[in-house]
Amino acid sequence: MTKIVVVDDESLLVDVLAFALEDEGYEVALAYHGKMALELILESPPALVITDFMMPLMTGLELAQDLKARPEYQDLPIILVSGAQGALARRHPELFARVFDKPYSLPDLLAQVQELAGPA
């Protein structure tokens with residue numbers, strides 16, 4: 001089963017996205033800030049990361065920078081979903097495979113998940 005890590009400090013958004021991904025057949029690991037996500041990813045690498053930008057302890061940008069600095073994670077696709085920082089993230093195509101502005105279309109996001117991570 002294809003594993004995806006979902007990172008957001010808004011638990012309702014994490015739950016909705018996790019439910020949609022699990023409904024598609026993906027295995028989902030949840031994190032509520034970047035440091036928690038980094039620990040999950042280093043422990044068990046996923047096929048894809050979906051992260052918010054603004055979070056406590058470690059932002060989505062900092063998470064992406066940390067992962068991409070590690071040779072074994074340079075090819076890990078990261079989707080950023082953000083309410084306010086989409087323009088900043090789009091200036092870093094080396095970090096983010098896709099950027100979605102909140103509120104985003106769930107069907108569009110799921111289509112990109114399948115494109116980047118492959119089928120569940």
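Here the structure is a predicted model, which means the values were calculated and not measured.
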With sequence neighbours excluded, residues passing side-chain hydrogen bond (donor to acceptor under 3.5 Å, both in side chains) with Glu115: Arg98
Of all heavy-atom pairs linking Ala37 and Val5, the shortest is CB-CG1, 4.4 Å
Identify whether Leu116 and Leu21 are in the same connected component of the hydrophobic contact network (ILVMFWY, side-chain heavy atoms under 4.5 Å). yes
Would you mind listing the cluster partners of Leu57? Hydrophobic ones only (ILVMFWY), side-chain contacts under 4.5 Å, chaining allowed. none
Test: side-chain hydrogen bond (donor to acceptor under 3.5 Å, both in side chains). Region: residues 17-32. Which pairs qualify, not counting sequence neighbours? none
Exercise answer: donor-acceptor pairs, residues 40-52 side-chain atoms, under 3.5 Å, sequence neighbours excluded:
| unit_1 | atom_1 | unit_2 | atom_2 | d |
| --- | --- | --- | --- | --- |
| Ser44 | OG | Lys3 | NZ | 2.9 |
| Asp52 | OD1 | Lys102 | NZ | 3.2 |

Are the side chains of Val28 and Phe19 in contact, using a 4.5 Å heavy-atom criterion? no
Determine whether Val6 and Ile4 make a side-chain contact, defined as any pair of heavy atoms from C-beta on separated by less than 4.5 Å. yes
Please examine the side chains of Val99 and Tyr104, heavy atoms only from C-beta on, and report whether any two atoms are closer than 4.5 Å. no
Tightest non-hydrogen contact, residues Phe96 and Leu80, listed as CD2-CB, 3.6 Å
Tell me, do Ile79 and Phe100 make a side-chain contact under 4.5 Å, heavy atoms counted? yes
Output all residues satisfying side-chain hydrogen bond (donor to acceptor under 3.5 Å, both in side chains) with Asp108, sequence neighbours left out; order by chain, then residue number. Ser105
Whether Ser82 side chain and Asp101 backbone form a donor-acceptor pair below 3.5 Å: no
Going by heavy atoms in the side chains, are Asp8 and Leu30 under 4.5 Å from each other? no
Going by atom type alone, with no hydrogens or angles, which donor-acceptor pairs under 3.5 Å involve a side-chain atom of residues 62-70 and a protein atom two or more places apart or on another chain?
| unit_1 | atom_1 | unit_2 | atom_2 | d |
| --- | --- | --- | --- | --- |
| Glu62 | OE1 | Thr59 | N | 2.8 |
| Asp66 | OD1 | Arg70 | NE | 2.7 |
| Asp66 | OD1 | Arg70 | NH2 | 3.0 |
| Lys68 | NZ | Gln74 | O | 3.0 |
| Lys68 | NZ | Leu76 | O | 2.6 |

Met54-Leu61 co-clustered via ILVMFWY side chain contacts under 4.5 Å: yes
Restricting to side-chain contact (heavy atoms from CB on, under 4.5 Å), what partner residues turn up for Pro56, sequence neighbours left out? Asp9, His33
Correct closest heavy-atom pair for Pro77 and Ala97 would be CB-CB, 4.2 Å
